[in-house]
Structures are given as C-alpha cells and as structure tokens.
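Indexing begins at 1, ligand by ligand and atom by atom, following the structure's order.
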Amino acid sequence: MLNLLGMQILGAVSPTTKMVDDLFWFVFIVSAFFFAIVTGGIIILVALYRRRGKPGLTSGASHNTALEIVWSILPVILVVIIFFWGFQVFMRLSISPGDSMEIRVTARKWNWLFKYPDGSRSGQLVVPVEQPVRLVMSSEDVIHSLFIPDFRVKMDVLPNRYTTLWFQADKAGEYDLLCTEFCGDGHSRMYTKVIALPKDEFEKWQTENQGTASGPDLFVMYGCATCHSLDGKPGIGPTMKGLHGKTETLADGTTVEVDDNYLRESILEPQAKIVRGYQPVMPAQPDITSDELDALIDFIKSQQE
Ligand code: CUA
C-alpha cells in the first residue's frame, strides 16, 4: 500500500476508489506508453539521421498507407474505450446503491455538520464499514465542495439545492474530508474526518451520540472553534476567553455588556451586534436546538481568565 500526500494510492478502501483508480491507471499507462514511443522515436531518428558531412539527396517517400491507418485507428479505439469506461464509472459514481444509508450534510463558513436519520448530529462523518453511504448535501451560504480523497469522491455543495455523493468504507479507519472550493478566510479550516467503524461500534456510537452534545463538542460541531479561540488570541472572531461579563465596543461605537442574552442573540442573529474591529461574516445557526443553545452558552460562560 502506497501513501502519497496522505492519500491511499494502492489498496482500495472503497468500491469508488477501485473504479476510479482502475480507469486512472489505464489512461496513465496508455499515455506513458505512447509518450515513450513518440519521444523515444524522435531521439532515435534525430541521432540516426543527423547531418553528417555533405547532405545527400533525401528520398522521395511521401507517405506510408499502412502506418497511417494504424496510427489513426489505434487512437480511435483507445479513446472510445476510455469514453465508454469513463461514462460507466461516472454513472456508477452518480447513482447510489438502493440500500444506502442517507446522511444529510450542511456546509457553511466554515465547517461541516452531518445529520443522521435518527436526528442526531455530528461534526465528524462517522459511518459503519461495508455500508454504502449517501450524502445529501446543501450549503447555507456560498459554494463549498466536499472531497474525500481516499474514496476518490468529490461534489460541489451549493446553496438552495441538494447535491449527492456516495461511498462505502470497506476498511475501518480515519479518512480525511475537506472543502475543495475556495470559500473565504476559513476555507482551509473546513477539514474534518470520516471515521469508519465496525458495525457494532457504530451502533454503540449512535446510541452515545443521541441527545444533546456537550458544550466543547458543540463548540467544534457548529464551527465556533474555526473563528473563536479559547486561549485569548483574536481570530476571525473575538476570543471566548473571559468574554462573559466583559464590556464590548461595537462597530457603531456603542457598548454592550456580554451576558447570556447577548450571547444568545449573537449565536442566533450574528449580524445584530458586530464587535469593533471584526467583519460581519458569522453565519446564523438555524439548526441549533434550544438545549444545544443552553449548553453552548454555558460552555462560553465557563471560559474565564
Ligand atoms: Cu468551504 Cu472552502
């Protein structure tokens, strides 16, 4: 098994990996073969027929019918094979198996939220092995793109529309999941993991994942951690350290005391009061439940100096 730039190169970890890799290697080997023939031929002919002494008369050969037919028909056959093979792989990648487990994906600046059929949520894509998984994805703001390199699957995630993608993890393990459409300051931080678990461990995880997540988990799951530090360093947004009880100066020069109601408003309607020196870039959180909101506010309150 070869690993290049963190990507599995040989050793399929998903049926989609295998179908994409087989086609890729076919195209690559055919291309490498003809590259060698053409460049090798040029080098040999240049050496063989280089100018030596007085030039003699060149031969009157103008064409070679057999050779021309071969170099026309052969590439046509290869290109047609690549077309039909590629079309077949495209169709198989586009149509998820009927027994797929459906997980909804919400992308926003700048994190991923995965919603399971039982209503639970997660910031990491936890899936059972040997089970086709269909992602139904949409964005709350700009265009993002979900990419799982090890499974060779990638699909744009658009606002106001659903796009889908499927894969099946054949081996338990952790796989990278990232955004590949530049979506602003935090684009490179739209990075999480696919965690493939054996069936029984997945069921255990699902039971544990029900109900309201803990404050620290929510802080990551809703993407707060992307922009708000806990250690006092300013990020894309103000730090959470010592925030509760502090008096903030807003963009319009007025001041506000940070209490529970201010935090609540800032989570549900982030544009209502912008702290001076920061951009109004935080997305609203329409998915958050009231229990989660309470847990998140408690967590922020606990971040004292
Ligand atoms: Cu989301 Cu880049």
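Within the 2.8 Å limit, M190 places at least one N, O or S atom next to atom 1 (Cu) of ligand 1.
Taking the six-membered ring where the residue is Trp, the centroids of W205 and Y116 are separated by under 6.0 Å.
Distances from atom 2 (Cu) of ligand 1 to each N, O or S atom of E181 single out O as the nearest. Within H187, the N, O or S atom at minimum distance from atom 2 (Cu) of ligand 1 carries the name ND1. For H144, the N, O or S atom with the smallest separation from atom 1 (Cu) of ligand 1 is ND1.
V127 has its side chain within reach of I103: a pair of non-hydrogen atoms, C-beta onward, lies under 4.5 Å apart.
Side chains of R108 and Y222: a donor-acceptor N/O pair is absent below 3.5 angstrom, by distance only.
With a 6.0 Å radius and a threshold of 12 heavy atoms from other residues, nucleotides or ligands, R92 has its CZ atom at or below the threshold.
A cation-pi arrangement, defined by a distance under 6.0 Å to the six-membered ring centre and an angle within 45 degrees of its axis, is absent between R152 and F147.
An angle of 110° is found at atom 1 (Cu) of ligand 1 between C183 atom SG and C179 atom SG, rounded to 10°.
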